[in-house]
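Chain naming here is simple, since letters A, B, ... match the order of the sequence lines and numbering starts at 1 in each.
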Amino acid sequence: MDEVSENCEETTVDQEGDFDILTFATKERKSGVGGILKRGVKDFEPDGSNRQNELLTESLNTLQDFLQEERSGSSRQICKATWHPAPINKAHITTIHGNHFHNMGHTIKGEIWLYPEEALLLMERGALVIDYDDVPMSIQHAYTMLIREWLTLEKYQVYAYLKRIGYTVIRPLPQDSLQTSTSPQEKLQGTIINPLSSYTALLLSRITFISTSFSRLISNFFKFLPRSDLHEEEINSIVTSESCDTYEQVFTKLQIIQRYNIDLPTYNGQESPYNIDFHVYKPSDSNKYKKKNPGVPFFRVVVACAESSQPPVLSMFENLFKDGNSSVLFAVVDGANISFLEFKDMNFKNVNVKIV
Amino acid sequence: MRNGKMSSQSSTKKENKKLNTRKTSVTIPLPISVSKTSFLTNIFKTFLANRFPFLSYYYINNIQKSCVKTRGSFDAHSNSVIVSEKQAIQKLWMQGSFGKGNLSRSEPTFEWRNEKKEDQPLSPEQITQNRRIARARRKKNKKNASTSITNNEDRKEIIDVNDKGNIEPTSLIDTLGLPDIASTSVSIEQIKEIDVDENYNDNKDDDDNIMQNQAISIQEHLQLTTEEAFFLCFGLGCLEIYDANDNLMTTHDCWNAFRTSSVSNITLNALQDSPLTQLDNPFILRYVVYHYFRSLGWVVKGGMKFGCDYVLYEKGPEYKHAEYCVIVLPYYLSANNNMNNNHFRHNVMTSWRLMSNLSRVCVQVKKSLVLCYVIIPPSLSDPISNSQSHEQIQPSTSSDNDQHHNDDLNNPFKCIKHYKIKEVLIKRCTPERVK
């Protein structure tokens with residue numbers, strides 16, 4: 001096992017999704033039906049021994065048995081809903097059980113409605129049965145009926161993945177009802193001006209005005225004197241030796257390149273293909289989560305399909321970095337694998353660099 | 001508790017030993033000098049130059065002499081500027097980490113590696129070499145311990161047949177008969193013998209004796225990339241660049257030459273216009289990013305090792321590992337300009353797979369990936385101003401504007417300011433770990 005640590009300088013961060021042929025996992029099972037599958041220790045490489053083959057066969061059988069088990073749920077725990085296809089595209093809950101709905105679903109006129117991704121996930125968990133035309137839907141039927149319009153397979157995959165880890169995932173609320181976390185009191189504080197500081201600010205501005213106009217007078221005075229050609233030839237570089245007092249000044253003089261900070265024109269004049277798909281909230285905050293005022297999301301997720309789309313162009317970021325939000329999490333779905341990339345608006349002028 | 005403190009102390013000592021121990025605690029960030037009285041000196045100089053032009057000529061010349069400019073020569077074939085003078089090389093490296101030694105991995109350490117002094121701190125190349133030898137030895141020992149080979153000859157074969165990096169340097173010299181200059185300490189005497197023999201055969205004059213008695217030493221020179229050289233010349237005014245015919249190149253000459261040489265010959269044939277009229281010339285785009293980060297205080301070095309364009313160090317490679325990997329990407333404001341700039345290079349943003357490759361590499365080397373967009377103006381006669389709205393920008397078509405545009409494009413003092421920068425940071429995220 002020492003060889004492993006020397007040869008692979010990889011971090012263990014992304015080893016969960018490893019489906020390499022050479023790695024074997026031993027799986028153990030808790031007693032009884034409905035036990036949880038546990039992952040065992042990995043071997044480094046196949047060594048052709050009988051013991052390894054036996055272990056492998058046993059773990060594969062365990063996996064197969066586990067997957068073949070019939071899933072059932074008590075009828076007292078199951079919720080019931082009716083599916084309403086386009087243009088509504090939601091499931092209407094008719095019988096409520098359990099406490100799923102404190103962070104799922106929305107209420108319209110006293111009735112609970114679920115978005116297709118929420119309904120499909122509850123169904124997969126065995127907590128919900130959905131009727132369509134008075135007939136309960138099978139899982140296959142539900143997949144074909146619900147994954148349409150806005151909800152693509154990739155979006156459902158990301159939704160289900162994040163929910164299963166424990167996050168609260170909702171669609172972004174319409175803008176006018178979205179509340180930010182700054183309370184009205186904090187907003188007022190920002191606008192109160194300290195009277196003393198305003199006086200000193202005024203004084204300082206008067207002083208700088210006088211000094212800049214004075215230096216301008218002097219340089220104008222020199223301009224009217226006969227010039228020498230020497231002066232013009234010397235402008236070969238932005239800064240020269242001995243022309244500044246400190247290195248900070250040198251760097252400031254060199255900063256001739258500005259950052260770009262107005263809206264870029266939309267890509268090719270068309271709508272951007274990327275919009276925020278989900279707002280994700282931390283599982284630890286689940287007690288504090290309120291449906292009417294969820295607060296600032298922990299992640300803002302955009303789902304992208306690896307095969308059929310390209311990474312976003314700069315102008316698309318303008319659409320995503322809105323309302324003071326400077327970071328977006330892209331969930332790139334490639335078949336069964338989802339990888340997450342965070343795109344953050346960064347201003348290097350705000351990053352402190354130690355010069356000396 | 002005590003043990004923990006001691007181990008951290010010893011690890012920092014180890015770190016200091018590994019890093020360049022010739023660094024000083026006070027660093028000068030750029031190879032120019034600053035003076036506390038520069039304000040007054042400048043006024044005095046301006047006053048003199050205007051009132052007494054002839055008298056001031058000598059005075060100003062004397063001041064300029066004290067700020068001696070380094071000499072570099074531009075080599076178009078390698079697209080680099082070479083600095084040969086030893087003191088200049090030291091100054092450029094120590095004050096800002098500019099350039100690369102042509103016989104070394106990064107810092108010009110050729111002479112240092114070949115000095116046989118006692119108590120000499122190890123150069124980075126020697127440290128790496130020692131580490132590799134130690135690792136190879138450990139592997140050899142493990143294999144010998146675990147396998148059941150008793151035959152000595154077989155064991156030797158295993159060692160020799162091992163992959164690259166496991167072969168000890170002495171065997172390299174034996175098998176190939178060639179010294180491996182970059183990673184071994186070749187003695188100067190060995191080289192002297194080789195050189196002297198060659199010269200002896202060629203010159204059969206009375207120069208022979210002089211040749212044999214002279215100590216011929218190999219001088220390492222410093223290679224500056226065109227961006228580094230242009231920054232030293234245009235930004236700091238401390239480098240004078242000469243062309244192949246030993247003529248001094250002005251800043252404008254350098255700007256034109258570097259832009260021309262940044263386009264490869266293959267692309268030149270495919271291009272419709274000359275590289276000097278390109279708004280998206282590769283040198284301009286790379287230089288704008290280089291200048292931007294240098295002006296913020298970062299040490300900017302090449303990022304080829306990490307699959308990106310530049311790597312940003314806080315003080316220099318010998319102090320701390322780089323924090324950021326930078327990719328330069330063009331962004332065209334005008335719809336008429338080429339949206340997919342094929343001759344810049346293969347754009348990393350064309351597929352998620354490429355993007356994923358790059359971000360994975362950055363994670364492994366513990367750096368953050370930064371996409372640095374260079375916003376290219378539609379033309380130079382319509383500059384980008386931060387208060388203008390963009391629906392109104394149209395590329396101008398009149399010939400007067402074209403001339404104005406071309407003149408400005410040939411003047412770096414006017415042209416560079418029109419390019420703007422936007423940075424986007426990319427990080428891989430695992431939601432499972434973050435919650």
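- Expressed to the nearest 0.5 Å, how far CD1 of I257(A) lies from OH of Y287(B) amounts to 7.5 Å.
- Heavy atoms closer than 4.5 Å to chain A are found nowhere in R353(B), neither backbone nor side chain.
- Y167(A) places a side-chain N or O within donor-acceptor distance of the main-chain N or O of P431(B), the cut-off being under 3.5 Å.
- For V351(A), the part lying under 4.5 angstrom from a heavy atom of chain B is the side chain only.
- For a residue to count as touching a neighbouring chain, one of its non-hydrogen atoms must lie under 4.5 Å from one of that chain's; by this rule F234(B) touches chain A with backbone and side chain alike.
- Looking only at distances, a side-chain donor or acceptor of Y247(A) sits under 3.5 Å from a matching main-chain atom of I32(B).
- Residues forming a side chain to side chain donor-acceptor pair (under 3.5 Å) with E154(A) (at least two apart in sequence, or on another chain): none.
- Contacts of A304(A) with chain B are made by side-chain atoms alone, with heavy-atom separations under 4.5 Å and no backbone atom involved.
- Chosen from L425(B), V370(B), L30(B), the residue pairing most often with chain A at heavy-atom distances under 4.5 Å is L425(B).
- With a threshold of 4.5 angstrom between heavy atoms, S351(B) approaches chain A through N, CA, C or O but not through any side-chain atom.
- Contact detail for V34(B) and V250(A): the closest heavy-atom pair is CG1-CG2, 3.9 Å.
- With respect to the salt-bridge test (charged N to carboxylate O, under 4.0 angstrom), the residues E342(A) and R428(B) do not qualify.
- For H291(B) (side chain) and L254(A) (main-chain N/O), a donor-acceptor pair under 3.5 Å exists by modelled atom type.
- Within the 4.5 angstrom heavy-atom criterion, atoms from both the backbone and the side chain of T246(A) approach chain B.
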* Asked: Where do L296(B) and K349(A) land on the side chain to side chain contact (heavy atoms under 4.5 Å, CB included) test, with the steps shown first?
  -> CA-CA 7 Å; L296(B) 292 175; K349(A) 294 207 163 159; 4.0 Å; yes
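- Contacts of C429(B) with chain A are made by both backbone and side-chain atoms, with heavy-atom separations under 4.5 Å.
- Between C233(B) and S237(A) the shortest heavy-atom distance is O-CB, 3.3 Å.
- Taking the centre of each ring, F348(A) and Y324(B) come in below the 6.0 Å mark.
- Summarising the geometry, atom CD1 belonging to I421(B) is positioned 10.5 Å from atom CD belonging to Q258(A); distances are rounded to the nearest 0.5 Å.
- Of the inter-residue distances, the one linking I165(A) atom CD1 with E432(B) atom CD reads 4.5 Å to the nearest 0.5 angstrom.
- The closest side-chain heavy-atom distance from I426(B) to F330(A) is not below 4.5 Å.
- Nearest heavy atom pair, residue T251(B) against residue N236(A), reads OG1-O, 2.8 Å.
- Only the side chain of L312(B) comes within less than 4.5 Å of a heavy atom in chain A; its backbone stays farther off.
- Contacts of V299(B) with chain A are absent, with no heavy-atom separation under 4.5 Å from either backbone or side chain.
- When all heavy atoms of W352(B) and L341(A) are compared, the pair lying nearest together is CZ3-CD1, 4.0 Å.
- Here G297(B) is the residue among G297(B), S359(B), C372(B) with the most heavy-atom pairs under 4.5 Å with chain A.
- Here the side chains of I375(B) and L314(A) are in contact, with some heavy-atom distance below 4.5 Å.
- Here the CD1-OG1 distance, from I338(A) to T430(B), works out to 12.5 Å after rounding to the nearest 0.5 Å.
- Shortest non-hydrogen contact noted between I238(A) and F413(B) is N-CE2, 4.2 Å.
- The NZ atom of K427(B) lies 9.5 Å from the CE atom of M346(A); values are rounded to the nearest 0.5 Å.
- The greatest number of non-hydrogen atom pairs below 4.5 Å with chain A, out of L371(B), L369(B), V288(B), is found for V288(B).
- In this structure, N352(A) and E314(B) approach most closely via the heavy-atom pair O-OE2, 4.3 Å.
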* Asked: Please walk me through it: do F317(A) and K422(B) pass side chain to side chain contact (heavy atoms under 4.5 Å, CB included)?
  -> CA-CA 11 Å; F317(A) 287 119; K422(B) 186 114 184 176; over 6 Å; no
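- For S327(A), no part lies under 4.5 angstrom from a heavy atom of chain B.
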